[in-house]
Each structure stands twice: as structure tokens, then as C-alpha cells.
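All remarks here apply to the structure that follows.
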Amino acid sequence: MTGGSRNDRAATGGSWNGGTATGGETPFDVLTLGETMACLHGSGPLRLGGDLTLSIAGAETNVAIGLARLGHTARWAGVVGADELGALVLRTLRAEAVDTGTVRIDPERPTGLLIQENRIGDVSRVHYYRSGSAGSALGIADVTAALTAGGPPGILHVTGITPALGPGPRAAVEHAVRRAQELGTRVCLDVNHRARLWDAAAASAVLGPLLPYVDVLVASYDELPIVAPGGAGDALAAGVAEVVVKHGSAGAEVWAGGEHVRLPARRVPVASTIGAGDAFVAGYLSGLLDGLSPAGRLERGVTLGAFAVATHGDWHGLPTREELGLLSLAAGDTVR
Ligand SMILES: Nc1ncnc2c1ncn2[C@@H]1O[C@H](COP(=O)(O)OP(=O)(O)OP(=O)(O)O)[C@@H](O)[C@H]1O
Ligand SMILES: O=C(O)C(=O)C[C@H](O)[C@H](O)CO
């Protein structure tokens, strides 16, 4: 399916944008691509049964939703099944003002599913039911449509999850980053290693060669060696302009424009850490779009990460621009 609704929301505060639009349309601030699934969330051990809540999850759409909530324009490219869960994915994204105009519906494959199991305290397990899914049918043609319809986006955001889904998605990501570079679109890669999908050596062989096309590299401190065995310096030497490293509850750091900045995490009560990394990326890219300094970008990343941690759900608790200051209120405050 092509030609769904075009998000006409104006870009707010974007200090730079992509290449020239065709047909008088405004390019999107950010294009993300990958797999988004139905997500069941349980509050205890799965084998005991009990209630599950149904929503959607996908690292790339978590980022797109975070950006859209802050007033940036975002498109997601992917494939869903011709089923009710695919309809849930599309309906949710449209409600969050994420453009789905180039999303393809595959009549042969089901929408993927993941189940989040809250096992002990804040320790969760994720179970995938995504083998043979519609999302894993993503291919080069999907990327071409998404990158060009409406003009090249300002930023292309991809993650290391997508190439782990199979040869089609891998080719799609490799094509996307090359084409983005030709189009003058900046590329952000989040390593987002998923050990249940592939091992570190396989990830390294695929993601390492992408670095010459990457402008902003994001990795957790334990993932960085997958693409840069010698640390951030290796990635900078490979041509990456900004290297952002996340340290969970210890905050994050960035090397950009000859600067090195490190910030602590915001202190918040922990509801669920799932999605903190994606929220962080949305905040960081929002700061980049707004023309903030490396410290300002990092600060917005850390702020969105804290919103994700302090609320339930992958993306549900992410702030609008007006809500960014909420974290500064004292515990127990009520806004009236
Ligand atoms: N306990 C916490 N309290 C406050 N902020 C946190 C906490 N954990 C994470 N964050 C913020 O979120 C950012 C990203 O978190 P983290 O490093 O855990 O990402 P991640 O491992 O990629 O997460 P995920 O893959 O689950 O999305 C951190 O850099 C930090 O700013
Ligand atoms: O693990 C994945 O593939 C996902 O995209 C699901 C999660 O919602 C996401 O990664 C949270 O960070």
C-alpha cells in the first residue's frame, strides 16, 4: 500500500532540513525505518498467565513518536501484515502524527509480535514472535519510496535491529544509508544490539562497514565495541561526526565537533527502563534539529530518557514540547 495520509504538521524549530522537496511538499525532519510489532505487556511471569495489555513497539517508531511529540515531522517506513495488528500499528502511528504514507501492507505475512515479561522488579524479558513477519519483508523498494516521496528528509535514523531481521532488511539499510549520503540527508545509526537476533560478531561484520555513511553514531557503552573495538576514536576515524555513548542510569557522553561532553542521568523514580535508549535518541535528534550545542543535545536526550524510565510503556510517557520542564517539578507536586 502506498499513498496513505501525509502528515502535514509543520516542522517547528528545525534549524536545518533535507534536500530540495519535489512537488511543493516539505521534506520530513526525520525518516526512520524498521520493524514495528504488536506488543503484549504482562505484569508478572508469563507462564502463570494473567492479564496482558496490547500496544505497539519498535525501536524506530519509538524514536519517531518521541520526535513527533516534540513537534518535529517524522515518517516511518516499514511493512505490516494485512491483519488487525497491522491496523493497530498504523492507527497508533497516525494518532501520534507519524507519517505512514509509504508503509507497505504485505497480504502474505503477519504483523510481528513481541511480549514483554516483567520478571523481577525492574528486570524484564522480551519474547519475539517475528520470524517470517511482514516487517522482515522490508526491502530496497520500500526505502526508495520513503526517502524520495516529498523530498529527502533531514535525518535518516536506522538501528542495528533491522539488518538482523534477514537479507532483505539488511540490504534495505545498506541501501538507505548510501542513498541518504548521496541525497545530503544526515544518517543516525543506533547500534541497538539484540543478542536474541544475532551475535556480536555477525552484527560487527554488517554494522562496521556502515560507519563511513554515518553522521551520528549512538551506542550503549557495552555495544560500542561491536562497531568500534578501540572506542569512540575508532568511529571518529572512520568518518563519523558525532559519537554518542549511553551509560544507563549513569547518563551519557558525546564526542562532537572536537568537544567531549558527559552528563549524568536525571534522577527519577524507575517505572520501566524499556525504551529509554530510543527516547534518548529522539531527544538527541530533536536537539540536533533545533540547532542546540552538543551539551544541549545531550541534555535533551537525557531528559527524554528519564521520561521513558519514569513512565510505563516504550513510548507512551514521552513528553510534548510543553511538558519538557515537568521533570524539574518536586516529587509530589500537582500541576493545577
Ligand atoms: N535509571 C535511570 N534513571 C534516569 N535516567 C535513565 C535511567 N536509565 C537510563 N536513563 C537515561 O536513558 C538513557 C538511555 O538509557 P540506556 O543507556 O539504558 O539505553 P538502552 O540500554 O539503549 O535502553 P533500551 O535498549 O532498553 O531502550 C541514559 O543515557 C540515561 O540518560
Ligand atoms: O527489540 C526490538 O526489536 C524492538 O524494537 C522492541 C523494543 O520496543 C525496543 O527495542 C525498545 O528499546
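Indexing begins at 1, ligand by ligand and atom by atom, following the structure's order. Scope of the values below: all heavy atoms of this structure, side chains included, with no hydrogens, waters or symmetry mates.
- Neither the backbone nor the side chain of Leu197 has any atom closer than 4.0 Å to an atom of ligand 2 (non-hydrogen atoms only).
- Residue Gly275 approaches ligand 1 through these ligand atoms, each under 4.0 Å from one of its heavy atoms: 26 (O), 27 (O).
- In terms of protein heavy atoms, atom 29 (O) of ligand 1 is closest to Gly251 O, 2.9 Å.
- Looking only at heavy atoms of the protein, atom 2 (C) of ligand 2 is closest to Tyr128 OH, 3.3 Å.
- Here the heavy atom of the protein found nearest to atom 4 (C) of ligand 2 is Ala59 N, 3.9 Å.
- With contacts defined as side-chain heavy-atom distances shorter than 4.5 Å, the pair Cys39/Gln116 qualifies.
- If you look at Asn192 next to ligand 2, there are no close heavy atoms at all, none under 4.0 Å.
- Between the CG atom in Leu211 and the CG atom in Asp234 there is a gap of 9.0 Å [rounded to 0.5 Å].
- Residue contacts with ligand 1, taken as heavy atom pairs separated by less than 4.0 Å, involve Ser249 via backbone and side-chain atoms alike.
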>> Using the rule given for side-chain contact (heavy atoms from CB on, under 4.5 Å), can you reason through Thr73 versus Thr26, listing the C-alpha separation, both sets of side-chain angles and the distance that settles it, and then say yes or no?
In response: CA-CA 10 Å; Thr73 57; Thr26 308; over 6 Å; no

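- When only non-hydrogen protein atoms are considered, atom 22 (O) of ligand 1 lies nearest to Lys246 NZ, 2.6 Å.
- Of the inter-residue distances, the one linking Leu165 atom CG with Arg170 atom CZ reads 12.5 Å to the nearest 0.5 angstrom.
- With respect to the salt-bridge test (charged N to carboxylate O, under 4.0 angstrom), the residues Glu322 and Arg69 do not qualify.
- Heavy-atom minimum distance, Leu224 versus Ala232: CD2-N, 3.6 Å.
- In this structure, CD on Glu117 lies 8.0 Å from CZ on Arg47, to the nearest 0.5 angstrom.
- Of all protein heavy atoms, the one lying nearest to atom 5 (N) of ligand 1 is Ala265 CB, 3.6 Å.
- Atoms of ligand 1 lying under 4.0 Å from at least one heavy atom of Val270, given by number and element, are 1 (N).
- Ranking the protein heavy atoms by distance from atom 12 (O) of ligand 1 puts Gly305 CA, 3.5 Å first.
- In this structure, CD1 on Ile155 lies 11.5 Å from OG1 on Thr32, to the nearest 0.5 angstrom.
- Some N or O of Asp278 is nearer than 3.5 Å to an N or O of ligand 2, by distance alone.
- With atom 3 (O) of ligand 2 as the reference point, the heavy atom nearest to it among Arg130, Arg194, Arg196 is part of Arg130.
- Regarding atom 28 (C) of ligand 1, its nearest protein heavy-atom neighbour is Gly248 O, 3.3 Å.
- When all heavy atoms are compared, the tightest approach of Gly78 to Leu138 is CA-CD1, 3.8 Å.
- The distance from ligand 1 to the heavy atoms of Val268 drops below 4.0 Å at these ligand atoms: 3 (N), 4 (C).
- Within the 4.0 Å heavy-atom shell around ligand 2 one finds Gly58.
- Within ligand 1, the atoms closer than 4.0 Å to a non-hydrogen atom of Ala252 are 29 (O), numbered from 1 in the order shown.
- At the top of the distance list for atom 7 (C) of ligand 2, counting protein heavy atoms only, stands Asp314 OD2, 3.4 Å.
- Near Asp278, meaning under 4.0 Å from any of its heavy atoms, are these atoms of ligand 1: 27 (O).
- Under 4.0 Å from ligand 1, the heavy atoms of Arg266 that appear belong solely to its backbone.
- Of all heavy-atom pairs spanning Val270 and Thr273, the tightest one is CG1-CG2, 3.9 Å.
- Near Thr273, meaning under 4.0 Å from any of its heavy atoms, are these atoms of ligand 1: 26 (O).
- Of the protein's non-hydrogen atoms, the one nearest atom 15 (O) of ligand 1 is Ala276 CB, 3.6 Å.
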> Given the rule in the side-chain contact (heavy atoms from CB on, under 4.5 Å) test, do Ser55 and His41 qualify, once you have shown the distances and angles that lead to the verdict?
Replying inline: CA-CA 8 Å; Ser55 187; His41 181 85; over 6 Å; no

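- The shortest N/O to N/O separation between Gln116 and ligand 2 does not fall below 3.5 Å.
- Leu67 and Ala282 get closest at one heavy-atom pair: CD2-O, 3.4 Å.
- A side-chain hydrogen bond (donor to acceptor under 3.5 Å, both in side chains) with Thr159 is found for one member of Glu60, His193, Arg194 and no other, namely Glu60.
- Of all protein heavy atoms, the one lying nearest to atom 27 (O) of ligand 1 is Gly277 N, 2.9 Å.
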> Could you go step by step and tell me if Arg300 and Asp290 meet the side-chain contact (heavy atoms from CB on, under 4.5 Å) rule?
Replying inline: CA-CA 11 Å; Arg300 192 168 292 171; Asp290 283 357; 2.6 Å; yes

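- A heavy-atom separation below 4.0 Å is not found between Val126 and ligand 2.
- Under 4.0 angstrom from ligand 1, the non-hydrogen atoms of Val309 all belong to its side chain.
- The distance from atom OH of Tyr213 to atom CD of Glu174, rounded to the nearest 0.5 Å, is 9.5 Å.
- Each of the atoms 2 (C), 3 (O), 5 (O) of ligand 2 lies under 4.0 Å from some heavy atom of Ile161.
- Here the heavy atom of the protein found nearest to atom 6 (C) of ligand 2 is Leu114 CD2, 3.4 Å.
- Panel note: side chain Asp199, backbone Ala201; a donor-acceptor pair is recorded below 3.5 Å.
- Which parts of ligand 2 touch Asn62 is read off a 4.0 Å heavy-atom cut-off, strictly below it: atoms 8 (O), 9 (C), 11 (C).
- Here the protein heavy atom with the shortest distance to atom 21 (O) of ligand 1 is Ser220 OG, 3.5 Å.
- Note that CD1 of Ile56 and OG1 of Thr36 are 6.0 Å apart. Values are rounded to the nearest 0.5 Å.
- Across Ala74 and Ala64, no two heavy atoms sit closer than the pair CB-O, 3.8 Å.
- Listed by atom number, the atoms of ligand 2 under 4.0 Å from Ala57 heavy atoms are 8 (O).
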